[in-house]
Number of protein chains: 2
Amino acid sequence: MVMAPEATDWREARRESARHAIVQTAWALSRELGLAGWSIRDLARRSGITTPTVYAYFESKNAIYDTMFGQAATEFADRQAESYDDADPRGRLLASTHRFFEFCSNDPPRYQLLFQRTLPGFEPSAPSYEPAVRALAKAGEMLAACGVTDARHLDLWTGLIRGLVDQQLSNDPGGDRWERLLGECVDMFLAHCALSVTDPPRQPEG
Amino acid sequence: MVMAPEATDWREARRESARHAIVQTAWALSRELGLAGWSIRDLARRSGITTPTVYAYFESKNAIYDTMFGQAATEFADRQAESYDDADPRGRLLASTHRFFEFCSNDPPRYQLLFQRTLPGFEPSAPSYEPAVRALAKAGEMLAACGVTDARHLDLWTGLIRGLVDQQLSNDPGGDRWERLLGECVDMFLAHCALSVTDPPRQPEG
DNA sequence: GTCTATAGCTGGATAGAC
DNA sequence: GTCTATCCAGCTATAGAC
């Protein structure tokens with residue numbers, strides 16, 4: 001007997017829903033114990049199933065991490081793509097930066113997975129990685145709208161923001177000690193870029 | 001029979017030397033396999049001894065990490081304390097920043113151990129930690145000599161430099177893509193600080 | 001798909017002879 | 001202090017009954 005297509009869809013939907021539940025548990029454990037702080041056994045126990053059942057849905061622990069990575073990358077891209085109220089480019093850049101900062105500091109394990117690459121032996125697959133690339137391109141457009149296109153300046157920008165996020169997460173988790181410097185940082189950076197359009201570049205240093 | 005004091009010293013010296021050799025091997029393994037990528041067995045094999053012998057010199061794996069931490073912190077403090085050729089404060093700040101950057105990027109596992117705190121379950125002991133505090137105070141003096149004393153600006157500074165180091169290590173290991181931005185970064189930062197002494201502070205943002 | 005049971009391995013750390 | 005031998009806990013992953 002041939003299966004009606006809807007039956008296949010139901011099965012697929014159920015399977016997807018079960019996979020989703022497992023991954024949600026993995027996120028919860030990562031927030032409690034750290035990204036590398038839980039085992040498949042822990043994950044199974046917390047999900048109310050047994051270890052082999054986990055392997056019925058994911059072929060390995062890294063496959064779970066990869067699904068988490070893809071989910072996080074999609075969330076990141078969606079968040080950055082949402083519309084902005086501000087009319088001027090500087091306001092849009094600041095808003096986008098705040099969004100990025102909050103995205104990172106609201107969920108440290110997610111930040112660690114997406115940007116810190118500290119899981120031994122894990123590399124995200126190409127499809128999981130793609131949305132993250134899309135979102136980073138968006139940041140480039142924001143800067144271009146502010147007149148910043150120099151490759152050196154783009155690197156300077158990514159370094160600046162990354163440092164503020166890292167300091168926030170490691171020295172004042174849950175606080176806003178570095179987050180509240182974002183506006184000042186944007187102004188400092190844009191002023192600098194505006195100047196170096198008119199000024200000649202400096203001497204290279206020894 | 002009573003032991004002559006020199007005999008005790010010889011023994012102590014031999015013991016210290018053996019401890020040192022083990023720790024040097026641990027550094028080598030950390031550079032090859034990552035800070036958390038080696039086991040006590042690996043360490044013993046590479047040192048030409050057996051596992052229990054390692055425990056004759058260190059009471060646990062974390063005790064080895066703690067010794068490594070203390071060594072790294074001392075190197076850091078010594079390097080920062082070396083004299084500076086430059087006469088002007090800005091030159092000295094730039095030189096000190098370059099030193100810091102090189103100190104970090106020359107030895108990624110050392111940077112990870114000292115500043116990233118990513119080893120699960122490891123906290124440095126107070127004596128191991130002390131030299132690092134001393135070296136960080138030195139950075140504060142450098143900034144003060146440039147007229148930067150505002151707490152916000154100190155936080156901004158640590159974020160800036162940390163971000164450049166992190167980007168260098170994770171996106172261009174062994175290169176200088178972010179290192180060569182250091183001079184520009186110092187100028188941008190000092191110009192900004194000089195301005196905000198004269199300008200009124202900005203509105204807080206919503 | 002879900003279970004019980006376990007293989008197969010690696011880890012940190014130790015007992016006890018020498 | 002150094003070894004051989006081993007304990008015991010933890011891990012990822014799988015075999016096979018149902």
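Note on naming: letters A, B, ... go to the chains in the order of the sequence lines (proteins, then strands), and numbering restarts at 1 for each one.
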Taking N and O atoms by type only, does the side chain of B:R41 place a donor or acceptor under 3.5 Å from a partner on the base of C:dT10?
no
Within this structure, what is the [atom1]-to-[atom2] distance between [X] and [N], rounded to whole angstrom?
X     : N      : atom1 : atom2 : value
B:R14 : D:dG1  : CZ    : P     : 9 Å
B:L43 : C:dT10 : CG    : P     : 18 Å
B:I22 : D:dT2  : CD1   : P     : 8 Å
B:W38 : C:dG12 : CH2   : C1'   : 12 Å
A:R45 : C:dT4  : CZ    : P     : 13 Å
A:K61 : C:dC9  : NZ    : P     : 20 Å

Assign A:R15 to base, sugar-phosphate, or nothing according to its heavy-atom contacts below 4.0 angstrom with the strands shown.
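The answer is sugar-phosphate, as A:R15 gets under 4.0 Å only of primed atoms, P, OP1 or OP2.
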For A:T50, report the nucleic acid contact type (base, sugar-phosphate, nothing); a contact means any heavy atom under 4.0 Å.
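Base contact - A:T50 has a heavy atom under 4.0 Å of at least one base atom.
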I want to verify a distance call: between [options], whose nearest atom is closest to the [X] side chain?
X     : options                : value
B:Y57 : D:dG1, D:dC3, C:dA13   : D:dG1
B:S60 : D:dA13, C:dA13, C:dG11 : C:dA13
B:Y55 : D:dT12, C:dG12, C:dT2  : C:dG12
B:I40 : C:dG12, D:dT4, C:dC3   : C:dG12
B:S39 : C:dG11, C:dT4, D:dT2   : C:dG11

So, do [X] and [Y] sit near enough that their side-chain heavy atoms are less than 4.5 Å apart?
X      : Y      : result
B:Y55  : B:T50  : no
A:S196 : A:R152 : no
B:F103 : B:E75  : yes

B:E59 or A:A56: which one's nearest nucleotide on DNA chain C is closer to the 5' end?
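Going by which nucleotide is closer to the 5' end, it is A:A56.
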What's the verdict on side-chain hydrogen bond (donor to acceptor under 3.5 Å, both in side chains) for A:D155 and A:T158, showing C-alpha distance, side-chain angles and the deciding distance?
CA-CA 5 Å; A:D155 283 348; A:T158 59; 4.6 Å; no
For B:A18 and B:T51, take the nucleotide of DNA chain D holding the closest heavy atom to each; which residue's nucleotide lies nearer the 5' end?
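The residue mapped nearer the 5' terminus is B:A18.
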Applying the side chain to side chain contact (heavy atoms under 4.5 Å, CB included) test to B:F189, which of B:T97, B:L143, B:I161 qualifies?
B:L143
